[in-house]
Structures are given as C-alpha cells and as structure tokens.
Protein chains: 2
Amino acid sequence: MDELTERQKLVLALIVRDYVETAEPISSGRLVDHFRLDFSPATARNEMAILEKSGYLDQPYTSAGRVPTKKGYRYYVGKLMGDDQLPLHVQEMIRHQFYQARHDVDNWLSLSASVLAQHSRGAAIVTPLHTEKARFKHLALLSTRGRQVLMVIVLNSGEVHQQTLVLEENLTQSQLTALATRINEFAVGLEARDLQEIEFETRNPVLEQIFQLVLETIQNLEVVATGEIFRDGFTNMLSEPEFSEPEKARQTLEIFEDRVILDDLLSRTVFNSEGSGVHVIIGGEDTWEQLEDTSLILASYGDRDHALGVVGILGPLRMSYSRGVSTVRFISDLMSELISESMGS
Amino acid sequence: MDELTERQKLVLALIVRDYVETAEPISSGRLVDHFRLDFSPATARNEMAILEKSGYLDQPYTSAGRVPTKKGYRYYVGKLMGDDQLPLHVQEMIRHQFYQARHDVDNWLSLSASVLAQHSRGAAIVTPLHTEKARFKHLALLSTRGRQVLMVIVLNSGEVHQQTLVLEENLTQSQLTALATRINEFAVGLEARDLQEIEFETRNPVLEQIFQLVLETIQNLEVVATGEIFRDGFTNMLSEPEFSEPEKARQTLEIFEDRVILDDLLSRTVFNSEGSGVHVIIGGEDTWEQLEDTSLILASYGDRDHALGVVGILGPLRMSYSRGVSTVRFISDLMSELISESMGS
DNA sequence: TTTAGCAGTCTCTTGGCGAGAGTGCTAAAA
DNA sequence: TTTTAGCACTCTCGCCAAGAGACTGCTAAA
C-alpha cells in the first residue's frame, strides 16, 4: 500500500537532495524550476501532498515548503540513492596519504578519522581493533625505570596490549626475560578460559603476580573495548545550521564525547549484524532517544576472523548520505586491506 | 598610578565573582544588595566609574551594569583571588579514583582529563609525557602475525614508544630476540646524536633496517610530541551562555580540536617558563588572536629532570578562575606524585 | 566623603501591519 | 482521467513604534 509511483520517487529524491544542500524547506515552484521538471508546480504539489500523507514529507508550518521526514530519508537511503563510489582521483589521493604515513595501525586509525571528517564533512569516529576471542601469543617484560616494568601482551589476532606495572622487588632485565620465557612456554595459543584453569604453582611470588596480571588483562580484553576512540571533525557539525540552537549542539556533542553511549551504539549495531556492509542509522531509528536529531553511518573494518573495529561518521539528519556512505565504505575497505596486508599472508 | 584602594579592590573582586556566576552585567544596586555591603549604591557607582576609567570594567551599553575586562580578570587572578585548595574531601575522592584505577600512565592521563573536566566545569586537555633528551634504554622485537613485528622502544625517561613494522622476510621470535639483543648491547644509554654517528656495518639487511627505524623513531621523539592528546568535557563549555552564538562555539571548538594550535600553545607557555606554577592565559593575552574569548589554565606535571606533560583546562573568559586553578594545581601535583612514585626511587 | 533624589539613556518586549512566499482547492484544459 | 492555471487563504518574517524597566551619572544635601 505504500507503493510509490516513479514520479513520487523522483519528487522525494529531489527534495532530499535539494534540502540537504540548502537546509531550507523546498517549495513546489523551486523544485520544478531548479530541476527543470517536465510537469507543473501544481502537479508537484499534488505529489507532495500524497507523500506527506504517507509520512515521507513534512511541513514546518501550514504554508511552507516540504522537508523530508525520517521515513523519507530512510526510503531515500534504501531505494533511491545510488551507491556511488568516491571519485577515482579522490580515492588515489587518500590511498597516497595512507601509504605516505607511518605503517602503524594506531597511526592509520587517527588518519582515518581525519580523512573521514574532511571528506564527509561530518564528525568522525574510529574505534581501535577489538578481538572477541583472545588467544595469548607472546609476552614481553621490559624494565623501564626502577621497579617499573612494561608488560606487552601480543594476541594472535595481532592485537597488542601494553601496561606498566610496579613489582614488589627490583629485577634486572635478564631476570625479567627469563620470567617471560617461562610464561610464554606454556601459555602460548591458549584462551582466557584455558589459562584460568591452569594450576600454576611456584615458589616465586613475582612470577605469580605477573601471571595473574596477564590473565586479568586477557579477560578484560574480551569484555571491554580498550584503547582510545579516535574522533575528529566535530567542528564540521557545529557549522551546520541545525546546531544554531546551542542546546541541540550540546546534546549531540554529548553523544560524541560519551564513550559509554558510543560503545553501546557501535557494538549493538555493527558487531551484532552479519554482512560487512555499511549501516545507516537515521535519527536513532526509534531506539536511541538521544539520537533524535542525528544520523550515523557506520561500517566495520578488519579481518572478520580476527579483530574488528568500527569507522563511521555522525551528522545531522540532513546530511549527505551518498557522500557519507561512499566515504565510510571506502575507508573501511581501505583499512581492512591495509591491515590484512600488514598481517602478511 | 593604577593603585587601587581597598574598597575598589573589593568592588572589583565581587563583580568578578558575581559575574562569573550569573553571566549578567552587575549593577551597583545588585552588588550592595547581594553582598550586604556597608555603603550605598551611589558609592558603588562612583567606584565602578573609576574602575571603568582605569580599564578594569566595561559597560556593554550606556546604562547597563558592569562587566570585567581582560585587565580586570588579570588583576583579579593576580592579586585578589586567594589560592584556595580543593576541599579536602574532594581531594580524597579524587585520590581514591586514581588509586582504584589501573596503575598505568595512559590510564591516569585519561582519568586526569575526565576529573579536570568534571571539577572545573571546563574543557580539559592533557598531553602525554614528553622527553626533551631521549636516551635509548631498551629495545624489544615481538612477532605478531606473519612478517609483522612489533617494535617496542623504552627510553630511560620511562617513556615507551611502540610501532608495528613489516619485515622483508619472515623471522621467528628467537631470531628477533637475538637481533634485539645485539642492538641493545651497544646502543644502551646513547642519545640520537650518538647513535647517528655509529658506523654500523653488517651483512644482515634486516638488522640494518631495524636499526635505521630505531634511530628515526628516537629522533622523531625529540622533535614532535607523540601520542594522543586527551580531551574531555567540551560539553561543559557549550552550555555556557557565551557560546549561544554558534560561530563562537565553532571557533573555540576548533582550538580544542586542532592539535597544531594546541601544541604550539602548550609548548610556548608551559615548557618555556621556569617554575612549576600554574599558568593562567586570559583571552590569549594579545598574542593568540583565536583565543580572544577563551581563557586557559595550564600546569606541567612530571619529573622535571626526565619527562614533562601538560594538564589544563579551557573555558570562557567568564570562568571560575579560583576553582580552575585549584583543580589544575591539584591534578598536576597528583600526577607528578604518582609518576615519581611509580618510577621507584 | 557619602548618599538621596532624579532626569536621562539605552535595551527589551510587545503588538500591529504589510510584504512575500507557498499552499490547497476548484474548475478548465488536455 | 490526468494535468494545469488561477486564485483565495494562511502563515512567517521583518519592521516600526510605543511603553516598561533597568541603571547610570550628576547634582545637591547630609
């Protein structure tokens, strides 16, 4: 029953596109004029009236132009928007930036955030790699200063976790190396579950202390996402007219700053769904109230079998979905490619 | 000639305090009334007129109340504001939070940002530790996946730098350990300058590749500040009335987001001055145009001889300087204490 | 030196009015 | 049956004027 005629689809699509650009309600006159349509404003008005009745459009007040509703945006993103690619020369430019940069995952992440923000003109979010099942691969203990020791744990996903700890007594580097070797010998390839069950008896209290820490760390890695989330380009959002009311701006920035909300959001959408596509969340989709006025475009990156992360952007409802989707898709593909490349074959 | 009478100082101080709270121009009537002063509004008016002539106060328009100027704030911060401590129970609470948390510098940094933001009600900035003179202490090479190797460099300041690199050929962990040991043997305790001069000849190309990278990394560490800057609480600033004009808000956020500006600002003020006090920069102090409408409170932390970082907050001119200064001072002292403690003695 | 009294100045809010933009409806044209 | 022209109607927005309110600066008395 909600089937739209071809012309209705056209009208909806054009209104979305025009509104995204101008941020002003689109009138029937402007529509035919600007897009040189071969029907009259009156016809456009009729179609717009129908689209409004079906819930795709809305009127800010009795006699203003039309504005897309969330339903309108969703329809546009789902059925009307072509899946454009980023222009080739832009793709080349971005690739170039990544290959120029230091070959280092953390560095790529921060670059991703910056590139996403710049090209999508929204606020960018990039989370670090995160493994669901962590298998221990290697442990290193490095003396830094005094009784302070750097513990580096490598998981077989390639994920690395480091932490500084302070020991009870002062040990030399070679003693530390010996300790690490002992743990490495039996723990390699095991998951947290397996490690937990090992009856680890020794007369050396330091060894036990370290082993406990390794165990805790790996367990934590499975539950909590660690590492900083990379963010960039919130300035872009603030220059959009929808954030001229400071209250709206504050509310949106809150989402952007609050790690808890973000973690929940990312894990519930991207990680829980199969398929590696791009997810578009418009106005919170009636699930997240705080996102009433914002849209998100998210995609996961990484090697599905090993570690995953999320890249995405955040913008007003009135954002350029086509540009957003193509940018996010490109960056997520590029990151996956870079990572699997750097993992070797 | 700019000597103020005691009563003038009192009036100025009260106006600053009241304005900070209400964000509205303070009238003579309100002043006497609210603070139960033992002189009349007329007297207050006379004093205010003098303070205005000397440049400490300003009138938004001919017959409104008075507002402090930058000069007024500076005088207040320099001579009128007592150097309060954070209330003892708050100090305890914060200490508790830090001791509860994982004992890890990165973790403390992010906690500092969050605590600063929360207690100062401004936007917090925390930079990681940074050494001026880097001496090599220890190198570790850990195989992660395939030809991908994690290189961890420890400097004798305790600073740690890690980077992933991809080797030409596939090496086992024990081969990597052997390589690391060779480099460690002769490089320990040397600065970048010394390392550079070593004639390093070997038939092993991988060894040379790694040595080059170590060298480059240490050199970079001396010039560019590395590591993410921790930020928190920009939301606090957005709720201040001075940022109701979105243009102002955007401009300020730009400072907060732009690493280049921030780096310049921090290095030029904090690192270049002797003494470990708290620095208050009001309205850019005629040096930074972009900071026209914002104030910064900064302090360095760390062990002066080894590595330094900066903690600070950013707020509108009309910020609570006393609360800001006491919070920043407390956090910077706490961080210094924690770090030197964890370094052992 | 301080204070009461008062005239003067400027902002801010309110309401009214006209211009302009865009719609929905009706009736004619295709 | 579909499309279009014409037109009355509605609603916003900008502008202006008037009135209330808030403070001040000044003058003269305490």
Side-chain angles (χ1 to χ4, degrees), chain A residues 3-12 14-19 21-69 72 241-242 244-245, chain B residues 3-12 14-19 21-69 72 241-242 244-245:
Chain A
E3 211 41 71
L4 297 181
T5 66
E6 283 308 311
R7 195 167 60 196
Q8 281 158 8
K9 291 181 191 172
L10 176 67
V11 169
L12 178 55
L14 293 183
I15 287 181
V16 170
R17 268 175 227 162
D18 208 23
Y19 182 61
E21 265 191 27
T22 63
E24 266 163 32
I26 309 298
S27 76
S28 58
R30 164 161 179 106
L31 201 66
V32 261
D33 211 47
H34 191 245
F35 293 104
R36 304 188 193 293
L37 299 180
D38 58 354
F39 46 85
S40 76
T43 310
R45 274 203 290 285
N46 288 332
E47 301 290 30
M48 285 156 86
I50 296 171
L51 286 167
E52 185 175 354
K53 276 212 183 57
S54 324
Y56 296 102
L57 293 180
D58 195 22
Q59 258 181 317
Y61 50 88
T62 325
S63 101
R66 300 307 209 288
V67 158
T69 59
E242 17 272 285
S244 55
E245 298 140 75
Chain B
E3 211 41 71
L4 298 181
T5 67
E6 284 308 310
R7 194 167 60 195
Q8 280 158 9
K9 290 182 190 172
L10 176 67
V11 170
L12 178 54
L14 294 182
I15 288 180
V16 170
R17 267 174 227 161
D18 208 23
Y19 182 61
E21 264 190 26
T22 63
E24 265 163 33
I26 309 299
S27 75
S28 57
R30 160 153 186 115
L31 201 67
V32 242
D33 211 49
H34 190 244
F35 292 104
R36 304 187 195 292
L37 299 180
D38 58 356
F39 46 85
S40 77
T43 311
R45 273 205 290 284
N46 288 332
E47 300 290 30
M48 285 156 85
I50 296 172
L51 286 167
E52 184 175 353
K53 276 213 182 54
S54 323
Y56 296 102
L57 294 179
D58 195 23
Q59 257 182 318
Y61 50 88
T62 323
S63 101
R66 301 303 208 292
V67 159
T69 58
E242 16 273 284
S244 55
E245 299 138 74

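Every value quoted in this text rests on a predicted model; they were computed, and no experiment measured them. Lettering follows sequence order; numbering is per chain, from 1.
In this structure, Pro41(A) and Val32(A) approach most closely via the heavy-atom pair CG-CG2, 3.6 Å. Gly72(B) approaches Leu12(B) most closely through the heavy-atom pair O-CD2, 4.3 Å. Counting all heavy atoms, side chain and backbone alike, Val11(A) lies closest to Phe39(A) at CG2-CZ, 4.2 Å. Across Pro60(A) and Val67(A), no two heavy atoms sit closer than the pair CG-CG2, 4.1 Å.
A distance of 7.0 Å separates CD in Gln8(B) from OG in Ser54(B), rounded to the nearest 0.5 Å. To the nearest 0.5 Å, atom OG of residue Ser27(B) and atom CE of residue Met48(B) are 6.5 Å apart. In this structure, OG1 on Thr22(A) lies 14.0 Å from CZ on Arg17(A), to the nearest 0.5 angstrom. Taking CZ from Phe35(A) and CD1 from Ile15(A), the interatomic distance works out to 9.5 Å, rounded to the nearest 0.5 Å. Separating the CD1 atom in Ile50(B) from the OG1 atom in Thr5(B) is a distance of 7.0 Å, to the nearest 0.5 Å. Taking CG from Leu51(A) and NZ from Lys9(A), the interatomic distance works out to 11.5 Å, rounded to the nearest 0.5 Å.
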Pull out every protein N or O sitting under 3.5 Å from an N or O of nucleotides 23-27 of chain D, one pair per line with the distance.
| residue | atom | partner | partner atom | Å |
| --- | --- | --- | --- | --- |
| dC23(D) | O4' | Ser63(B) | O | 3.4 |
| dC23(D) | O2 | Ser63(B) | OG | 3.3 |
| dT24(D) | OP1 | Ser28(B) | N | 3.1 |
| dT24(D) | OP2 | Ser28(B) | N | 3.3 |
| dT24(D) | OP2 | Ser28(B) | OG | 2.5 |
| dG25(D) | OP1 | Arg66(B) | NH2 | 2.7 |
| dG25(D) | N7 | Arg45(B) | NE | 3.1 |
| dG25(D) | O6 | Arg45(B) | NH2 | 3.3 |

Pairs under 3.5 angstrom, nitrogen or oxygen only, protein versus nucleotides 12-20 of chain D, please.
none

Sub-3.5 Å pairs of nitrogen or oxygen atoms, protein against nucleotides 27-30 of chain C:
none

> What's the verdict on side chain to side chain contact (heavy atoms under 4.5 Å, CB included) for Leu31(B) and Ser28(B), showing C-alpha distance, side-chain angles and the deciding distance?
Replying inline: CA-CA 5 Å; Leu31(B) 201 67; Ser28(B) 57; 5.7 Å; no
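Asp33(A) places its CG atom 13 Å from the P atom of dA21(C), with the value rounded to the nearest Å. Summarising the geometry, the separation between CG on Leu31(B) and P on dT3(C) is reported as 14 Å, rounded to the nearest angstrom. If you take CD of Glu47(B) and C1' of dT3(C), they are 13 Å apart, rounded to a whole angstrom. Rounded to a whole Å, the CZ atom of Phe39(A) is 13 Å from the P atom of dA5(D).
Listed by first and then second residue, the salt bridge (charged side-chain N to carboxylate O under 4.0 Å, His left out) pairs that reach into residues 47-61 of chain B are Arg7(B)-Glu47(B), Glu52(B)-Arg66(B), sequence neighbours excluded. For residues 23-43 of chain B, the pairs satisfying salt bridge (charged side-chain N to carboxylate O under 4.0 Å, His left out) are Asp18(B)-Arg30(B), with sequence neighbours left out.
Direction of the helix axis in the helix from dT1(C)-dA30(D) to dA30(C)-dT1(D) shifts by 30° between the two five-pair termini, rounded to 10°.
Phosphate contact (OP1/OP2 of dT1(C), side-chain N/O of Arg7(B), threshold under 4.0 Å): absent. Listed pair Thr43(B) / dT3(C) meets the phosphate criterion, a side-chain N or O lying under 4.0 Å from OP1 or OP2.
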